[in-house]
Amino acid sequence: MRLRIFCLVVLVLFAVTLAFTASLTTQTSAAQQSKPQITHVPAVYTDPSSGSAMFHAYCASCHGNDGKGDGPAAPALKNLPADLTHLAAKNSARFPELQVAQAIRGDWMTTAHGNKEMPVWGPVFLYLAHHDPAIAQLRVRNLTKYVESMQKK
Ligand code: HEC
């Protein structure tokens, strides 16, 4: 009886290992099939009080150093990154502060008009802030202010 249970446990363990290896292999082959054009790197730490430092570290790769949407990663995306210098102009000369903050946090990503190509920054900023929501919010606010400072008059 004991032996039968032992054999069963070994069998189950074996099956689990097999399943795990199988899922690992499918993951690698899927990764190999998709063209690796964009390299995802962990977000570096930046000063939460510097909108400029954060923009250049987290946003410029797609939106460009001056926010015009022509960053080095832009050609690899299906949708062009938005030109962030015309957000006020497109909104009757009023900078859409809330919309920009939501875009950065990733709030609208799951809604119908959401776009998964723009990374969701809310969780990243929470992680960098060791889950202090006040510091994560400070990052979003200072980034939003920086984007506001880029508006074409
Ligand atoms: C991997 C590329 C990528 C990165 C990095 C990125 N974005 Fe975007 N972003 C996009 C794309 C693509 C869109 C267009 C989405 C759409 O129009 O549906 C977009 C849209 C936006 C919008 C919405 C503009 C509008 O018309 O309402 C804002 C604001 C924005 N990004 C700000 C930022 C900020 C700030 C950062 C850095 C924290 C950032 N993005 C990082 C790709 C990126």
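When a residue number appears, it is its place in the shown sequence, counting from 1. Indexing begins at 1, ligand by ligand and atom by atom, following the structure's order. What you are looking at is a predicted structure, and each value in this text was computed from that prediction instead of being measured.
- Here is the list of ligand 1 atoms found below 4.0 Å of a heavy atom in N79: 12 (C).
- Backbone and side-chain nitrogen or oxygen atoms of H63 are examined, and one is located within less than 3.5 angstrom of a nitrogen or oxygen of ligand 1.
- Considering each of Y58, F55, Y146, the one bringing a non-hydrogen atom nearest atom 5 (C) of ligand 1 is Y58.
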**Asked** Given T46 and R139, is the side chain to side chain contact (heavy atoms under 4.5 Å, CB included) satisfied, shown in steps?
**Response** CA-CA 10 Å; T46 51; R139 284 188 184 273; 2.9 Å; yes
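- Judged purely by atom type and a 3.5 angstrom limit, Q151 has no side-chain atom pairing as donor or acceptor with the backbone of A89.
- Which parts of ligand 1 touch I104 is read off a 4.0 Å heavy-atom cut-off, strictly below it: atoms 35 (C).
- L80 and L87 fall into different hydrophobic clusters, defined by Ile, Leu, Val, Met, Phe, Trp and Tyr side-chain heavy atoms under 4.5 Å apart, directly or through other members.
- For atom 29 (C) of ligand 1, the nearest non-hydrogen atom from the set L84, D83, L80, L143 comes from L84.
- Counting heavy atoms closer than 4.0 Å to ligand 1, residue M54 contributes nothing at all.
- Of the listed residues (C59, A73, A82), the one carrying the non-hydrogen atom nearest atom 34 (C) of ligand 1 is C59.
- Side-chain atoms of D83 come within 3.5 Å of backbone N or O of T85 as a donor-acceptor pair.
- Within the 4.0 Å heavy-atom shell around ligand 1 one finds P119.
- Rounded to the nearest 0.5 Å, atoms CE (M54) and OH (Y45) are 9.5 Å apart.
- Atoms of ligand 1 found under 4.0 Å from any heavy atom of L87, numbered from 1 in the order shown, are 24 (C), 25 (C), 26 (O).
- Checking S50 against Y146 by side-chain atom types alone, no donor-acceptor pair falls below 3.5 Å.
- Contact check on D70 versus K68 returns no salt bridge, with no Lys/Arg side-chain nitrogen under 4.0 Å from an Asp/Glu carboxylate oxygen.
- Near Q99, meaning under 4.0 Å from any of its heavy atoms, are these atoms of ligand 1: 25 (C), 27 (O).
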